[in-house]
Amino acid sequence: MTEVRRATADQAAFRDELIARGLFLESGVPGLYGRGATFEDIRTRFDGLITNAAAVDEPEAMRFPPLLPRKQLEASGYLHSFPHLAGSVFAFEGSEEDALEQEERASRHEDWSAHQRMTELCLVPAACYPVYPVVAARGPLPAPGIVVDAGGAWVFRHEPSEDPARLQMFHQREIVCLGAPDSVLAWRDRWSERGLALLRGLGLDAARDRAADPFFGRGGRMLAANQRKQELKFELLVQIAGDEPTAVTSFNYHQEHFAGKYGLKLADGDTAHTACLGFGQERIVLALLRTHGLDPASWPDEVRRQLWDR
Ligand code: ZN
């Protein structure tokens, strides 16, 4: 059993309040919640703000299910960098006798994995992952590149925690830029300004900082140090609950990482570069609830106007 990350007293109290107010619907598993109507209303309205802010890029919309072909996850490098966060789908294969034994074990909540076999499916770890192979399959990118809006997709991270801001499944609004290196980097930097202004415009005390991904193991520490040094990743952080601010948005410059793995080329035959941004929608809703109060009817007019009167 994976260890559950403990919450601070402040985080635990915030989670209890969210559940008591029907904003989060408890499942009994840390980091897995249903969402009440008010929570979901705020989330989808924030999603609308992103759609408006992104319109200037004329993105191509793509939507994907929260499952990824196993081959795509294997090709992406995810199992090298984040084996601890990945989730894969297993399903029953066996005889009637095996099914009975499985049911018997399940009835006592014992391990019933013995008759489960790996399928061709994994859980999507980041909303941009399904985009790269689809775009690569079309052939070389038009100059200077394209922008794809992957929507507010469900993503999975295996990191059970009692902190209500660290969910095992959540919505990530991802937009991806694929093209020539300088235009991809310029896009990422424009968006990091735009994202900061957007969050501050909602009354959130957001700050931008260099960041690194939670790479696995000893080799991972080097990857993370390199990522920081090269300024490949920026995050926007907001104080939610607990002692430290929480990352609610990230802007990631992958250089040739994904393009190399999937064979994404520019018209002149060079390997393309890619960048993506992701707004963690649940974390932003939590930041709004924490900052302005649990009842959106009493939020400042300026914030309400942007979310409800557009
Ligand atoms: Zn991404």
Side-chain angles (χ1 to χ4, degrees), residues 47 50-51 53-54 57 59-69 72-82 85-87 122-136 141 145-159 167 169-179 181 183-192 194-195 198 208 210-216 220 223-224 227-228 230-237 247-262 264 271-284:
D47 199 44
I50 304 295
T51 303
D57 295 337
E60 176 183 343
M62 292 186 192
R63 298 292 182 268
F64 296 95
L67 292 171
L68 194 67
Q72 283 184 20
L73 191 82
E74 290 161 355
S76 69
Y78 196 81
L79 293 172
H80 175 75
S81 300
F82 314 107
L85 298 177
C122 290
L123 303 181
V124 169
C128 62
Y129 275 63
V131 172
Y132 309 109
V134 165
V135 175
L141 285 162
I146 64 165
V147 175
V148 172
D149 177 353
W154 283 109
V155 300
F156 174 80
R157 304 281 166 84
H158 184 234
E159 45 179 359
L167 300 173
M169 204 158 208
F170 55 94
H171 291 92
Q172 203 178 48
R173 178 66 187 265
E174 273 229 38
I175 306 176
V176 192
C177 183
L178 315 95
S183 76
V184 166
L185 188 57
W187 176 87
R188 199 256 335 233
D189 291 344
R190 262 197 317 280
W191 255 109
S192 102
R194 201 182 283 161
L198 203 129
R208 181 174 42 196
R210 270 195 291 184
D213 286 308
F215 294 109
F216 184 73
L223 287 175
Q227 199 180 21
R228 268 181 216 280
Q230 294 192 61
E231 303 197 332
L232 299 181
K233 185 181 187 80
F234 285 96
E235 286 177 341
L236 303 182
L237 301 125
V248 299
T249 306
S250 71
F251 306 93
N252 311 287
Y253 180 34
H254 318 122
Q255 299 172 307
E256 291 187 359
H257 175 81
F258 287 112
K261 302 243 179 242
Y262 294 110
L264 262 167
T271 299
H273 278 210
T274 65
C276 74
L277 65 89
F279 286 91
Q281 295 192 331
E282 280 80 358
R283 283 186 175 180
I284 288 165

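One-based numbering, in listed order, for ligands and for the atoms of each. What you see is a predicted model; the values in this text were computed from it and never measured.
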Item to check | Side chain Arg210, main chain Arg228, donor-acceptor under 3.5 Å | outcome: yes
Checklist entry - Which count of protein N, O or S atoms is obtained for distances strictly below 2.8 Å from the Zn ion (ligand 1)? => result 4
Next on the checklist: Quick one, Pro125 and Leu68 - any side-chain contact, counting heavy atoms below 4.5 Å?
Outcome noted: yes
Checklist entry - For the residue pair Glu235 and Ser250, what are the closest heavy atoms and their distance? => result CG-CB, 4.0 Å
Next on the checklist: Using the ring centroid of each side chain, check whether Phe258 and Tyr129 are separated by less than 6.0 Å.
Outcome noted: yes
Checklist entry - Does NZ or CZ of Arg188 lie under 6.0 Å from the centre of the six-membered ring of Trp191, at an angle within 45° of the ring axis? => result no
Item to check | Sequence-distant partners of Arg208, salt bridge (charged side-chain N to carboxylate O under 4.0 Å, His left out), two or more places apart | outcome: Glu193
